[in-house]
Number of protein chains: 2
Amino acid sequence: MTRRRQVAAQTIQEQTYQALRRAILDGEFVPGRAMTIRGIAEDLDISPTPVREALRRLVAERALTLSGTGRVSVPVMDREKLADLVKARICLEKQAAMDAVPGITAAELRRLVRLNDAIDGAIAAGNQRRYLVTHRDFHFSLYRLGGGGVFLPLIESVWLQFSPFLRYTLSQEHLAQYNASDRHVEIIAAAEARDANALGFAVEADIRHGLGALVESDWSAHAAEGDVVAAP
Amino acid sequence: MTRRRQVAAQTIQEQTYQALRRAILDGEFVPGRAMTIRGIAEDLDISPTPVREALRRLVAERALTLSGTGRVSVPVMDREKLADLVKARICLEKQAAMDAVPGITAAELRRLVRLNDAIDGAIAAGNQRRYLVTHRDFHFSLYRLGGGGVFLPLIESVWLQFSPFLRYTLSQEHLAQYNASDRHVEIIAAAEARDANALGFAVEADIRHGLGALVESDWSAHAAEGDVVAAP
DNA sequence: GGATACAATATGTGATCACAAATTTCTGCC
DNA sequence: GGCAGAAATTTGTGATCACATATTGTATCC
């Protein structure tokens, strides 16, 4: 594999970044627990340089946080931050959904329906990781339909910030409660109707009902820092 | 200087990042013109490593863009992107301003007044760079008063994306037009009244009247890529 | 002047190294 | 067991290197 950027070939740095990003989004790193450059490099069987650069990127995107001594970890969640992430999601994702309306096709609608079915399946199976992946895919399939240059990176940064926390916080009860009132169906209906206002409101309601409900709910300090017992 | 993070000491990487970030915000890099790691390292009299890492951060923050061959440059502006940046500013900064209301003090209000005077001075002097600096300071002095963990980095990323373009686009005419209807005075009045709704609307009006007005205005392709003749 | 081919030079990338500081482990004492 | 201190080890940082690729410069031809 050459080192240059070609359509299929990617730099080691980019591959490392994507692997770490995916792992963070899927909640594979315990919040608060430091990772080491050399540890990741050994895991991936590469030199530390691309790891360093990938970590820099993820810190810049707020997926990771840098300690006073240069150590890197997934940040621990707190209630104020969670409330801010909900607000950020609402303003950004509402706008992104509305901007997506001109790009909605029948194929995209079918995709959304399929993904929502997959979300239901993940919840029924109690599979948190699959829930995170399909849920994320559902939302981003919609937002990607608008212009992707400005809003998508902002939204991605926000998702990087709350997803690890979700992995350790969402109980079966939360998921069932969330799914009992399926706002995704409303999102799909508004998208089908190409009604930007209804779509914006449906996305906002989904966020408030989902992540927003966690702001006031009871999650232990351990869940915020990653419940070691519950870790896979 | 020790390499560890102490209250006063910063890593070379962090200093490099801050210097580059400042230069980008102040429009010192011509959009579209590639910079080189070794060039910056030579300018700053350091090795390429911290430059690489700083550039990675700035790419992640969308201040810089990476070409297919790994080259880094300040992105060229286009109309759709500018419109999206305006939308992103409105939703993010409106929320951040409203969240800032509980933190407004008399000293902060005096600071905003002083900064608005400085903006007027920069416009009267036809000093674009000073305008960019004071204008930015005005806005961020307000937004910093709310929780800084989520919204500030998002807003900073957006500002990193449009500020270089402003440097090469804003004419005296634009600045005078912008300042003829001083929305900052309205922002200050709403802040003084601790009226979150009025403040949110004032911030939105300011953005629409300022950056928003540029979406429909006539700026040449050269300005989007940085007008070499007009460069300092 | 423009196009082409080739040579020279520059560039980004990943690897490796050295070193100061941070962290962990070990030892001795109460 | 807890605490303190020392020793050992690990870690992040910046520097440097090698190399494949990209870019620039030069020569030649039409």
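As the structure is a prediction and not an experimental result, all values here were calculated from the model. The analysis underlying the following values was restricted to heavy atoms, covering all of them including side chains, and did not include hydrogens, waters or symmetry mates. Naming convention: chains lettered A, B, ... in sequence-line order (proteins, then strands); numbering from 1 in each chain.
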Contacts of A/Arg110 that satisfy salt bridge (charged side-chain N to carboxylate O under 4.0 Å, His left out) - sequence neighbours left out
none
Please work out which residues in residues 38-48 of chain B have a non-hydrogen atom less than 4.0 Å from an atom of DNA chain D and list them by number.
B/Arg38, B/Ile46, B/Ser47, B/Pro48
Set of salt bridge (charged side-chain N to carboxylate O under 4.0 Å, His left out) partners for A/Arg62, sequence neighbours left out:
none
B/Tyr17 OH to D/dG14 C1', straight-line distance once rounded to whole Å
20 Å
Would you find a donor on one side and an acceptor on the other, under 3.5 Å apart, between the side chain of B/Arg167 and the backbone of B/Asp26?
yes
Please report how far the helix from C/dG1-D/dC30 to C/dC30-D/dG1 bends, comparing the axis fitted to its first five pairs with the axis fitted to its last five, to the nearest 10 degrees.
20°
A/Gln10 CD to C/dG14 P, straight-line distance once rounded to whole Å
11 Å
Examine D/dT13: is either OP1 or OP2 under 4.0 Å from a nitrogen or oxygen in the side chain of A/Arg56? Give yes or no.
yes
Pairing residues for B/Phe151 by the ring pair (Phe, Tyr, Trp, His ring centres under 6.0 Å) criterion, not counting sequence neighbours:
none
Salt bridge (charged side-chain N to carboxylate O under 4.0 Å, His left out): which pairs involve residues 141-156 of chain A, sequence neighbours left out?
A/Arg21-A/Glu156
Donor-acceptor pair (no angle test) under 3.5 Å: B/Arg52 side chain, C/dG14 base:
yes
Apply ring pair (Phe, Tyr, Trp, His ring centres under 6.0 Å) to A/Phe138 and list each qualifying residue two or more places apart in sequence or on a separate chain.
A/His184
Report the distance from atom CD of B/Gln13 to atom P of C/dA21, rounded to the nearest whole Å.
18 Å
Could you check how far CD1 of A/Ile12 sits from P of D/dC19, rounded to whole Å?
16 Å
Scan A/Thr49 against the nucleic acid and name what it touches under 4.0 Å (heavy atoms): base, sugar-phosphate only, or nothing.
base
Could you tell me the separation between the CG atom of B/Leu66 and the P atom of C/dT11, rounded to a whole number of Å?
16 Å
A/Phe162: which residues meet the ring pair (Phe, Tyr, Trp, His ring centres under 6.0 Å) condition with it, sequence neighbours left out?
A/Trp159
Listed partners of A/Glu80 passing side chain to side chain donor-acceptor pair (under 3.5 Å), at least two apart
none
Within the 3.5 Å criterion, strictly below it, is a donor on A/Ser73 or A/Arg33 matched to an acceptor on the partner's side chain?
no
If you check every side-chain atom of A/Ile37, which of D/dA15, C/dT11, D/dG12 has the closest atom?
D/dG12
Rounded interatomic separation in angstrom, taking CD from A/Glu53 and P from D/dG12:
15 Å
Starting at atom CG of A/Leu55, determine the distance to atom C1' of C/dG14, rounded to an integer number of angstrom.
15 Å
List for me each residue that meets side chain to side chain donor-acceptor pair (under 3.5 Å) alongside A/Gln18, sequence neighbours excluded, and say none if there are none.
A/Glu14
Could I get the full list of side chain to side chain donor-acceptor pair (under 3.5 Å) partners for B/Ser157, not counting sequence neighbours?
B/Gln161
Within the sub-3.5 Å range, which N or O atoms of nucleotides 23-25 of chain C have a protein N or O partner, and how far apart are they?
{"residue": "C/dT23", "atom": "OP1", "partner": "A/Thr69", "partner atom": "OG1", "Å": "3.4"}

B/His135 vs B/Tyr131 aromatic rings, parallel, tilted or perpendicular, using cut-offs 30° and 60°?
parallel
How many Å lie between CD on B/Glu14 and P on D/dT13, as a whole number?
10 Å
